[in-house]
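In what follows, a structure is listed as structure tokens, so that the remarks can point back to it.
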Amino acid sequence: MSSLVRNISNVEWVASSMDGKLHYPKDLFHDCLAVRSILGASAPYATPKVKSEKLLDVIGFKIQVSLVDVLDILKVWRHSKTPFKASLAQMTKLYLIIWDEMTTSEKEVIDMFNSGPTVFIPYASKARYGDMSPAIFLSHKELYSCDSTGAEEKISEIHSQGNSKRMKKSPQSKMLYKIYPRLHDFFRQ
């Protein structure tokens, strides 16, 4: 490794798309499909975008998303002061990564999910799978798997007839099987 590469790798000199501050290259993502499909637009991407594949390797930007990355970004998202938007497709992919990696880091994942809101719940009950939706993060303790009583449907009817401002402040559905049908077993752990 050349001294130039070693020097630029050990200095905070790259701007982040999330905060505009300077960061070490190893702490930022390259804005590519492999990363964007999991983290969407709300991730610490290096700016400006690097086009040279050789330079990407040399500088050391992240080009894949690890379990540690996912858990770290979830912490950032849940404490964000700005409204969060993502698609159910993106969030499903993110939760599938966590589920796949749980065998090696089960305690860390369980601690993360027990420490606060980590489940992305769109405000709109009919959010389309691939569309960006405003949402809130809720704790798994605030959600339920299914509603065999039909109470959720009745509450939705009342909400739809009520004040539209109130509807925007809380999600219309907290039933996990409706929002994440493929992840039923994951959220029950």
Exercise. Is the CD atom of Q64 crowded by more than 12 outside heavy atoms at less than 6.0 Å?
Worked result: no
Problem set entry | Sidechain-backbone polar pair: D72 side chain, D69 backbone, donor-acceptor under 3.5 Å | no
Exercise. Distance-only, no hydrogens or angles: does the S105 side chain make a donor-acceptor pair with backbone N or O of E108 under 3.5 Å?
Worked result: no
For this session: Determine the minimum heavy-atom distance between L28 and A15, stating which atoms define it.
Result: CD1-O, 3.6 Å
All N/O donor-acceptor pairs, side-chain side in residues 129-139, below 3.5 Å, sequence neighbours left out:
| residue | atom | partner | partner atom | Å |
| --- | --- | --- | --- | --- |
| S133 | OG | D131 | O | 3.4 |
| S139 | OG | K141 | N | 3.1 |

Exercise. Taking the six-membered ring for Trp, are F113 and F186 ring centroids under 6.0 Å apart?
Worked result: yes
Seminar exercise, completed: On a heavy-atom basis, the closest approach of Q90 and I38 is CG-O, 3.1 Å
Problem set entry | For T118 against Y95, the heavy-atom pair lying closest together | O-OH, 2.6 Å
Exercise. Are I110 and M102 side-chain neighbours, meaning at least one heavy-atom pair lies under 4.5 Å?
Worked result: yes
Problem set entry | Closest contact, heavy atoms only, A43 versus I73 | CA-CD1, 4.2 Å
For this session: Measure from the side-chain N and O atoms of T104 to the backbone N and O of E101, and report whether any donor-acceptor pair falls under 3.5 Å.
Result: yes
Exercise. Would you find more than 12 non-hydrogen atoms of other residues, nucleotides or ligands less than 6.0 Å from L22 atom CG?
Worked result: yes
Exercise. Do M112 and K75 come close enough that some side-chain heavy atom pair is under 4.5 Å?
Worked result: yes
